Number of protein chains: 2
Amino acid sequence: MNENINNKLNAKSIKPTAMRQLVLHVLAEQKSAVSMQELEQKFEKADKVTLYRTLKTFEEKKLIHSIDDGTGSIKYALCRESCQCRPEDLHVHFYCTECKQTYCLNDIPIPSVNLPVHFTLENINMVVKGICANCI
Amino acid sequence: MNENINNKLNAKSIKPTAMRQLVLHVLAEQKSAVSMQELEQKFEKADKVTLYRTLKTFEEKKLIHSIDDGTGSIKYALCRESCQCRPEDLHVHFYCTECKQTYCLNDIPIPSVNLPVHFTLENINMVVKGICANCI
DNA sequence: AAGTTGATGCAATTGAGTTGCAAAGTTGTT
DNA sequence: AACAACTTTGCAACTCAATTGCATCAACTT
Ligand SMILES: [Mn+2]
Ligand SMILES: [Mn+2]
Ligand SMILES: [Zn+2]
Ligand SMILES: [Zn+2]
């Protein structure tokens, strides 16, 4: 388990400090994306700034991706192994208005859009809101 | 011009106060979506809370829609006549990373997504980031 | 005119995110 | 081991958009 965590950190050339191991460990066991605040509460004692910078580092190194689901707080979730965070790696996200959870729909790629002429694409954010399967 | 503004307000059963007429007038002449702050600066003297509440009212009455483009400030744009803000009325939005403008791509409907079983759809937000035609 | 309702203006608060800076930890060199 | 150079962490303070409270003002109603 710890070896696995360290491997993941090393693979993305992130120095495996105690804090980073802990954060990655917690992130890995989430079923849905989490906010900084939620993450903070999962630790006995955690400074939110350290958490903030840890997440920034993880995101820069493409270990996690952030999701702006429109709720006012950014959510974070682990990237898949193969993910390079390129437009073709992007997937749809789902925000359940019942349980307030944000899910990565990893298997649903963002459909392509025909932009007007001379518009070039860098990135797409697609968040579907509704009721998830658990809340029906 | 003023009759037109009042007609639009009446059509959505919004009492046409001076403030609301002004705000709608300014909104109508925008080529791209605007934030509350940008709107505030377009008036000599405008209280941002009144503006805030005006926009809330307009949005509730479906005269305008808000766009969370991921920049940290919500943008607002007029709805089209026919718009009921139902999922089928939704369109793609485009944020230009060069000119920092957010555009309604009114003619580009949001492509449909095949959600996993038992997920029900209420709403979709799709924001494409890139470079707009003016900034190429 | 008095009463009721809704709209507006100003001050203050919220809350997520961010920055500054010093202390603590790490790594490499003499 | 001692030192310097660099990175990471923790605490306090700050930013900035959004929001709330409350008093005042305007527009109808009886
Ligand atoms: Mn995701
Ligand atoms: Mn729009
Ligand atoms: Zn749910
Ligand atoms: Zn542009």
Side-chain angles (χ1 to χ4, degrees), chain A residues 5-6 9-10 12-27 33-61 63-77 95 100 102 125 127, chain B residues 5-6 8-10 12-27 33-61 63-77 95 100-102 125 127:
Chain A
I5 297 270
N6 282 342
L9 289 170
N10 287 327
K12 305 279 181 172
S13 48
I14 301 167
K15 220 182 286 181
T17 67
M19 184 66 174
R20 289 168 179 175
Q21 290 168 333
L22 274 175
V23 173
L24 176 51
H25 183 248
V26 171
L27 280 173
V34 287
S35 66
M36 229 178 64
Q37 279 65 28
E38 289 166 331
L39 210 47
E40 202 180 350
Q41 288 160 4
K42 292 182 191 298
F43 296 98
E44 319 273 307
K45 150 189 170 303
D47 181 54
K48 111 187 127 111
V49 178
T50 307
L51 215 42
Y52 168 74
R53 288 195 265 236
T54 302
L55 292 171
K56 280 278 169 206
T57 304
F58 282 8
E59 193 179 7
E60 270 162 28
K61 302 291 187 162
L63 179 60
I64 64 176
H65 60 282
S66 64
I67 306 141
D68 187 341
D69 59 12
T71 60
S73 57
I74 309 284
K75 304 299 188 323
Y76 299 89
Y95 175 74
K100 281 31 173 176
T102 300
N125 180 35
V127 179
Chain B
I5 296 271
N6 281 341
K8 280 187 178 168
L9 289 170
N10 286 327
K12 304 280 181 170
S13 50
I14 300 165
K15 218 182 288 181
T17 67
M19 184 66 175
R20 289 169 179 174
Q21 289 168 335
L22 274 174
V23 173
L24 177 52
H25 183 249
V26 171
L27 279 174
V34 288
S35 67
M36 229 179 64
Q37 279 66 26
E38 289 165 331
L39 210 48
E40 201 180 352
Q41 288 160 4
K42 292 183 193 295
F43 296 99
E44 319 272 308
K45 150 189 171 305
D47 181 53
K48 111 189 126 104
V49 178
T50 308
L51 216 43
Y52 169 75
R53 288 194 265 236
T54 302
L55 292 171
K56 280 281 169 205
T57 303
F58 283 8
E59 193 179 6
E60 270 163 26
K61 302 291 187 164
L63 178 60
I64 64 176
H65 60 282
S66 65
I67 306 140
D68 187 341
D69 58 14
T71 60
S73 56
I74 309 284
K75 304 300 187 321
Y76 298 89
Y95 174 73
K100 278 43 172 168
Q101 298 295 303
T102 300
N125 180 36
V127 178

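Here is the naming used below: chain letters follow the sequence lines, and residue numbers restart at 1 for every chain. Model, not experiment: these values are computed from the prediction.
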Item to check | Interatomic distance where CD belongs to B:E59 and P belongs to D:dT19 [whole Å] | outcome: 10 Å

Next on the checklist: To check you understand the geometry: which heavy-atom pair defines the closest contact between B:S35 and B:K75, and what is its length?
Outcome noted: N-CD, 3.6 Å

Checklist entry - For B:Q41 and D:dC16, what is the distance between atoms CD and P respectively, to the nearest whole Å? => result 13 Å

Next on the checklist: Rounded to the nearest 0.5 Å, what separates atom NZ in A:K61 from atom CG in A:L63?
Outcome noted: 11.0 Å

Checklist entry - For A:E60 and D:dT8, what is the distance between atoms CD and P respectively, to the nearest whole Å? => result 11 Å

Checklist entry - Is any side-chain heavy atom of B:L9 less than 4.5 Å from a side-chain heavy atom of B:I5? => result yes

Item to check | Gap between atoms CG and P, on A:L51 and D:dC11 respectively (whole Å) | outcome: 13 Å

Item to check | N or O in side chain of B:Y52 less than 4.0 angstrom from D:dA18 OP1/OP2 | outcome: no

Next on the checklist: If I compare all heavy atoms of B:L24 with all of B:K8, which pair ends up nearest, and what's the gap?
Outcome noted: CD2-CB, 3.9 Å

Checklist entry - What's the closest nucleotide to the A:Q37 side chain, out of D:dA18, C:dG17, C:dC10? => result C:dG17

Checklist entry - Which atoms form the tightest heavy-atom contact between B:H65 and B:I67, and what is the distance? => result CD2-CG1, 3.9 Å

Checklist entry - So do the side chains of B:N6 and B:Q21 get within less than 4.5 Å of each other, counting heavy atoms only? => result yes

Checklist entry - Could you give the NZ-to-P distance, from A:K56 to D:dT9, as a whole number of Å? => result 16 Å

Checklist entry - D:dA18, C:dT8, D:dT9: which one has an atom nearest the side-chain heavy atoms of B:T54? => result C:dT8

Checklist entry - Rounded to whole angstrom units, what separation is found between the CG atom of B:D47 and the P atom of D:dA18? => result 15 Å

Checklist entry - So, do B:V26 and B:L22 sit near enough that their side-chain heavy atoms are less than 4.5 Å apart? => result no

Checklist entry - Out of curiosity, B:D69 CG to A:N125 CG, how far, rounded to the nearest 0.5 Å? => result 10.0 Å

Item to check | Nearest-nucleotide 5' precedence on DNA chain C, B:K48 against B:R20 | outcome: B:R20

Item to check | Heavy-atom check, side chain of B:Y95 versus side chain of B:Q101, under 4.5 Å | outcome: no

Checklist outcome for this item: A:M19 CE to D:dT9 P, in whole Å, measures 7 Å

Checklist entry - If we only count heavy atoms from C-beta on, is the B:D68 to B:V127 side-chain gap below 4.5 Å? => result no

Distances under 3.5 Å only, N/O to N/O: pair up the protein atoms with those of nucleotides 27-30 of chain D.
none

Checklist outcome for this item: B:T17 has its side chain closest, among D:dT9, C:dG17, C:dT8, to C:dT8

Checklist outcome for this item: Expected list for residues 66-77 of chain A near DNA chain D, using heavy atoms below 4.0 Å, is none

Distances for protein N or O near nucleotides 21-24 of chain D N or O, under 3.5 Å:
{"unit_1": "D:dG21", "atom_1": "O6", "unit_2": "B:R53", "atom_2": "NH2", "d": "3.2"}

Checklist entry - Taking side chain as C-beta onward, heavy atoms only, is B:F58 less than 4.5 Å from B:R20? => result yes

Item to check | Validation row: A:L27, A:L39 side chains within 4.5 angstrom (heavy atoms) | outcome: yes

Item to check | Atom-pair distance (CG on A:L55; C1' on D:dT8), nearest Å | outcome: 15 Å

